[in-house]
Amino acid sequence: MDAMNNLKNTFESGLQELRTLRDEIKVRLHLVGQEAREQWEKHLEPHIGRIEQQIKESSEDTREALKEALERARTAFREFRARMTKDGQGPGEPPTNLAS
């Protein structure tokens, strides 16, 4: 049972970080161009909802894959945020490492 609680805490912690990153990015999006907003809306933001749904529906067999998807999403969100702040430019190309 402790392992299950640990995994639940890991998922919740990861999702909370994604939500925080999402909120920071949304605040910054109003300062960047339309291209950056479109990349965010099409390529990144939808992953939070998909990961949350997958976690709710997960079984023992799929949890490791979900942990990996969560980590890929965190990395992509962090990179997107970093590109937004660099030189005040937009994020450039959308991340391609989110396929799960």
Side-chain angles (χ1 to χ4, degrees):
M1 196 58 150
D2 284 337
M4 184 63 89
N5 285 336
N6 247 356
L7 190 57
K8 183 178 179 183
N9 289 339
T10 297
F11 284 149
E12 187 55 41
S13 172
L15 282 172
Q16 186 57 46
E17 182 180 357
L18 284 178
R19 291 177 189 128
T20 299
L21 289 166
R22 175 194 59 199
D23 294 344
E24 289 176 17
I25 290 168
K26 281 184 168 184
V27 168
R28 293 176 186 179
L29 277 174
H30 80 279
L31 300 174
V32 297
Q34 183 63 28
E35 181 182 340
R37 270 190 280 287
E38 288 173 2
Q39 287 181 20
W40 168 252
E41 292 168 359
K42 290 179 184 177
H43 301 286
L44 289 166
E45 189 174 32
H47 288 283
I48 292 175
R50 282 196 293 266
I51 291 172
E52 286 174 324
Q53 189 61 35
Q54 288 172 338
I55 288 171
K56 287 178 188 174
E57 297 171 354
S58 69
S59 67
E60 285 293 322
D61 297 336
T62 60
R63 291 195 177 114
E64 189 61 35
L66 286 171
K67 284 170 57 176
E68 291 171 13
L70 187 60
E71 186 56 37
R72 284 193 307 272
R74 279 195 286 206
T75 298
F77 277 42
R78 289 176 186 148
E79 289 172 358
F80 188 90
R81 180 182 62 179
R83 286 192 306 263
M84 286 181 67
T85 58
K86 182 180 178 183
D87 301 326
Q89 303 283 320
E93 292 298 313
T96 58
N97 62 341
L98 286 173
S100 46

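As the structure is a prediction and not an experimental result, all values here were calculated from the model.
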- Message: Using side-chain contact (heavy atoms from CB on, under 4.5 Å), reason through K67 and R63 one step at a time and then give a plain yes or no.
- Response: CA-CA 6 Å; K67 284 170 57 176; R63 291 195 177 114; 5.6 Å; no
- Closest heavy-atom contact between R74 and G14? NH1-CA, 3.6 Å
- Query: Going from CD on E17 to CZ on R22, what distance comes out if it is rounded to the nearest 0.5 angstrom?
  - Reply: 13.0 Å
- Atom CZ in R78, atom CG in L18: separation rounded to 0.5 Å? 8.5 Å
- Please examine the side chains of M84 and I25, heavy atoms only from C-beta on, and report whether any two atoms are closer than 4.5 Å. yes
- Note on the structure: Between W40 and K26, the two heavy atoms sitting closest are NE1-CG, 4.1 Å
- Distance from I55 atom CD1 to E12 atom CD, nearest 0.5 Å? 8.0 Å
- Item | salt bridge (Lys or Arg N to Asp or Glu O under 4.0 Å) pairs, two or more places apart, involving residues 46-56 | R19-E52
- To the nearest 0.5 Å, tell me how far L15 CG sits from L66 CG. 9.5 Å
- Task: Starting from the C-alpha separation in whole Å, work towards a yes-or-no answer on side-chain contact (heavy atoms from CB on, under 4.5 Å) for L21 and F80.
- Result: CA-CA 10 Å; L21 289 166; F80 188 90; over 6 Å; no
- Query: Looking only at atom types and distance, does a side-chain atom of S13 sit under 3.5 Å from a main-chain N or O of N9, one as donor and one as acceptor?
  - Reply: no
- Message: If you compare all heavy atoms of I51 against all heavy atoms of A73, which two are closest, and at what distance to 0.1 Å?
- Response: CD1-CB, 3.7 Å
